[in-house]
Amino acid sequence: MKLSPTIGLFLILVLCFSSLIVAQTPATCDQLRSKIQQMERMGQNVMSPSLQKVHQEALLTLYTQLGQCVEQEIAIATEMRNAVAGTDAAPPVESKLRALAKEEAETKDKINGLRTELNLPEVSPPAAARTTQPGSDQGTEQAETPPQNAERSAAGTTVPSTQPFVCLDGQPYADAPPLLTDIVTKGADGVVQGDFGGALSGVPQMVLYATLDAASPTSSKLLRALEPYQYLSETARTDKQLGGSATSNGSVSAIEKPGFARLLGFAVEHGAINKKNDGTNLTLSTSLYSLYTLNRKDTAETYAQAGMLNRIGVFATFAVDNQNSDLANVRRSNLSEWSVKARLFGDRSTRSATFTKFWKDKITPLIDARLEAVGKPLNDLTSSPDNADFLRLRTQVERCLKSSVSERKEQADYKAAATTDAERKKMLTDLLLSRLKTNVYDRIKGGQVNLSERTINAIETQYVPNLSAALENLKAAGGLIQQKLDELKKGPLATFAYTNHRQPNASDYSETKFLYEQEKGFMGPLKLTGNFGLSFYNKPDPSLKQQKLRDVSAALSFEGTTRSPFTEAENQSKITYSFVGRYERLFENRRMAQRKPDIGTFQFVMEIPFFKGLSLPLSASYTNTEEEKKKHFRFNFGMHLDTDKLFELLKAGASR
Amino acid sequence: MKKNDALSYDVHRNEQITIRVTPTDFGDSLFSVRANLDGDKLEPVPGTDNAPVFEFTVTKPVDDIHTVIMEFGFIQGSPENSFYDVVISGENDQGCPCGFVVKKTTANKEPAIEFFVVA
């Protein structure tokens, strides 16, 4: 008996279909896949229309069962993934989950296709996409027709879209979240300045913030309430602290050797030696550490290796007789004094053990928390099978943003010589924001890229709140750092100084001094400074009654500050005042007529800051001189303009 | 590892990636470098406090992305010319030298470095 192909196929279909029903036990996913493959291999072109219908109905049944089966496997694999998270076993599980999500999507496509061919209604649409206008306080939730390939499964996962990605031209991202605008602006600035080799930076954060904005009305509202992160280094105040002159205690280097000036020229050029020329004196200063780094980089490792060298400073002052070339004055004959200073105890640098510990214990955890608050949602969105579309979106959008920037940089108006950097930055910022609006925000809001309910819930209850808390904590830390820096400046500091004074018409002498300073402590708000010193003649001149010991001196100063009512709000310069008392016993005067060995000075100094870096210094002093019966009382005042401070204030004003 | 740009690289599974940071010209100012890998804190290799080295192995499946977000700090008072030199290396590197520099004037001090798993 000859069996026609149609009848044969019909019998196979009946057998396949009946076996599924008669067995009354759920087929495994693998069995279903096998049966579907078997069915798909059958050519419909040899079937009669009625048999084709049976074939399609059978396939629909099989695909429907497979869909349910795959859904269960996803749930099991998700549980498995949670169990092995963070172990070496995680990657294959993640990979399997991704494959299952893809299969689920393809299965649903197939089901929809078959239902269309059989004139059956399509499966019910996915959960209503939540939509709202950017920045609206109360988002209205309404159903939005989803794209054909985007669905959310009952397990809370999403299936990847199979639509090709097109980098769409943008629409303005009106009222973009401040965090997003901030990172986009920084990225644009980097491109204009050529940072990161001209690469666009911060792209993952851009995609993340646009996603958080689009995810739901609640997440958008939470995100938009966050202020941009101000780096802790940028919380500096504008009350420029002017340190004492490097030559205030004299000092100098009398090392005269071949090539000295040449060495200095090299060092000055490379920043190892500070140079200051006030028109009368040229002062060169350096630290042994700076010289140590002349032939190597000044890295943190070098600093750590240098040990004591960073505690020792060397200073030299030369009389200026050549105004055309500073270094031409660096001659032994012009050397008026040189000195060496060594820090004995106290460290006011931010590399000090105290500040380093503070930073490590108090600040580092806060920085880590913010990085985690950004990195965690980015990773969860990217690598979780819950959001199969996001990885693709992120990859494609990043390419889209980078290529858009490259193209924009080639356009005539961008390249025009008349275009300023600020204008270029704005061009790129606008471009990036608009691309993010159209390609990320709109696609997520419109349901073309779906986020699972679980993810949206995490965004609303964990990701954005965590980010908010991290930013708040860092903001508070800014004040804490300033407080710690202020304390650092007030700690005790003791220095030993050796100065060699070279006097053309008198005897050269050496001076040793112990200097101590402490701002906080037993003197309350006043800063205490004390000096004690001895000086010696290098070659005492008996005709001038000189002995080896030249003098003994001691000085004490109390300084205080108070707020100035005359300065701008952003200028926190304060009124400073000090009382200084100094006593010196000059031994040679004991044996000279009309001379007093004991010399005393009392001085009151005050500086009142006004606006725009202008200040009024004034002083009153009383001195009894070496000459007997001669006493002086002086009152001085003047005006002082600090151009550095003026510049800082103008800069601060411009940035507001 | 293959360089796409200074902040984007193609890598393969099980590849060992090293990010070496050299703080330069900080003098006696404290520097601060922190890193985060895929949402988890990435600590520097012990003993590299003065030139932090961060390492990780590519464990994600093909087509996924490892993201390292870093933050470079310039504490108030640090020299204007201070900078961080960042060198990134993997295995059989192509297109390198790889890495970037973060200066005090660099606007974005929290760059994200992406490692795309391609094989």
Side-chain angles (χ1 to χ4, degrees), chain A residues 88 90-92 94-95 98 183 185-187 189-190 193 195-197 199-205 229 231-233 235-236 271 289 297-301 303-304 310 349-351 355-356 359 363-364 367-368 370-372 374-380 382-383 391 394-395 398 402 481-482 485, chain B residues 4-8 13 22-32 34-42 49-52 59-79 81-82 85 99-112 114 116:
Chain A
D88 290 345
E94 292 277 2
S95 183
R98 195 171 296 286
I183 193 71
T185 307
K186 285 173 177 167
D189 185 274
Q193 300 300 329
D195 293 332
F196 304 106
L200 179 63
S201 68
V203 182
Q205 291 100 316
Y229 173 41
Y231 299 120
L232 294 172
S233 55
T235 55
Y289 172 70
K297 279 187 175 177
D298 172 19
T299 65
E301 273 191 317
Y303 185 86
N310 54 41
S349 76
T350 48
R351 285 270 290 190
F355 193 83
T356 301
W359 190 269
I363 307 302
T364 295
I367 296 173
D368 287 342
R370 192 192 72 88
L371 290 177
E372 187 179 331
V374 177
K376 183 90 170 63
L378 187 64
N379 187 65
D380 288 356
T382 303
S383 299
L391 173 62
R394 175 178 164 183
T395 309
E398 289 188 9
K402 289 180 180 181
I481 292 169
Q482 192 58 60
L485 286 170
Chain B
N4 300 318
D5 64 39
L7 297 168
S8 165
R13 289 205 64 202
T22 307
T24 303
D25 287 339
F26 276 80
D28 61 0
S29 286
L30 186 69
F31 66 87
S32 168
R34 301 303 298 168
N36 182 289
L37 169 66
D38 299 327
D40 293 321
K41 185 164 58 179
L42 183 62
D49 292 351
N50 292 308
T59 55
K60 286 195 175 184
V62 172
D63 292 337
D64 210 329
I65 310 169
H66 279 295
T67 310
V68 175
I69 308 178
M70 305 186 77
E71 183 173 326
F72 298 89
F74 293 84
I75 295 161
Q76 184 182 332
S78 58
N81 61 335
S82 52
D85 191 10
F100 50 85
V101 165
V102 177
K103 296 173 284 186
K104 201 170 177 180
T105 52
T106 303
N108 185 5
K109 296 184 178 73
E110 48 173 325
E114 295 178 285
F116 293 87

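Remember, it's a predicted structure, so these values are computed and weren't measured experimentally. In the text below, chain A, chain B and the rest are named by the order of the sequence lines, each starting its count at 1. Excluded from the calculations below are hydrogen atoms, water molecules and symmetry mates; all remaining heavy atoms, backbone and side chain alike, are included.
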Full working for side chain to side chain contact (heavy atoms under 4.5 Å, CB included) between A:D195 and B:N108: CA-CA 9 Å; A:D195 293 332; B:N108 185 5; over 6 Å; no
Check against side chain to side chain contact (heavy atoms under 4.5 Å, CB included), A:Y289 and B:D28: CA-CA 10 Å; A:Y289 172 70; B:D28 61 0; over 6 Å; no
B:T22, part contacting chain A, at a heavy-atom distance under 4.5 Å: side chain
Gap separating the CD atom of B:E110 from the OH atom of A:Y231, nearest 0.5 angstrom: 3.5 Å
Top contributor to chain A interface from B:D49, B:D38, B:V68, B:L42 [non-hydrogen pairs under 4.5 Å]: B:D38
pair B:S8-A:E398: side-chain heavy atoms closer than 4.5 Å: no
Considering all heavy atoms, the nearest A:Y303-B:G27 contact: CD1-O, 3.3 Å
Gap between atom CG of A:L371 and atom CD of B:E71 - 0.5 Å precision: 5.5 Å
Contact origin within A:F196 toward chain B - heavy atom pairs under 4.5 Å: both
Pairwise distance OG1(A:T364) to CZ(B:R34) - rounded to 0.5 angstrom: 5.0 Å
Top contributor to chain A contacts, counting heavy-atom pairs under 4.5 Å, from B:K60, B:H66, B:K103: B:K60
Option that, when pairs with chain A are counted at under 4.5 Å, heavy atom only, ranks first among B:V62, B:D64, B:D5, B:D63: B:D64
Most chain B-contacting option - heavy-atom pairs closer than 4.5 Å, from A:G202, A:S201, A:G197: A:S201
Which of A:R394, A:Q205, A:Q193, A:K376 touches chain B most, by non-hydrogen pairs under 4.5 Å: A:R394
Atom group of B:N81 that falls short of 4.5 Å from chain A, counting heavy atoms: neither
From CZ (B:F72) to CD1 (A:I367), nearest 0.5 Å: 12.0 Å
4.5 Å side-chain heavy-atom contact, B:Q76 and A:L485: yes
A:N379 side, atom CG; B:L37 side, atom CG - distance, nearest 0.5 Å: 8.0 Å
Spatial distance of atom OG1 (A:T382) from atom CD1 (B:I65) [nearest 0.5 Å]: 5.5 Å
Region of A:L200 that comes under 4.5 Å of a non-hydrogen atom in chain B: backbone
Exercise: identify the closest heavy-atom pair between A:D189 and B:A107: OD1-CB, 3.4 Å
Closest approach of A:A199 to B:A6 (non-hydrogen atoms, all atoms of both residues): CB-N, 4.2 Å
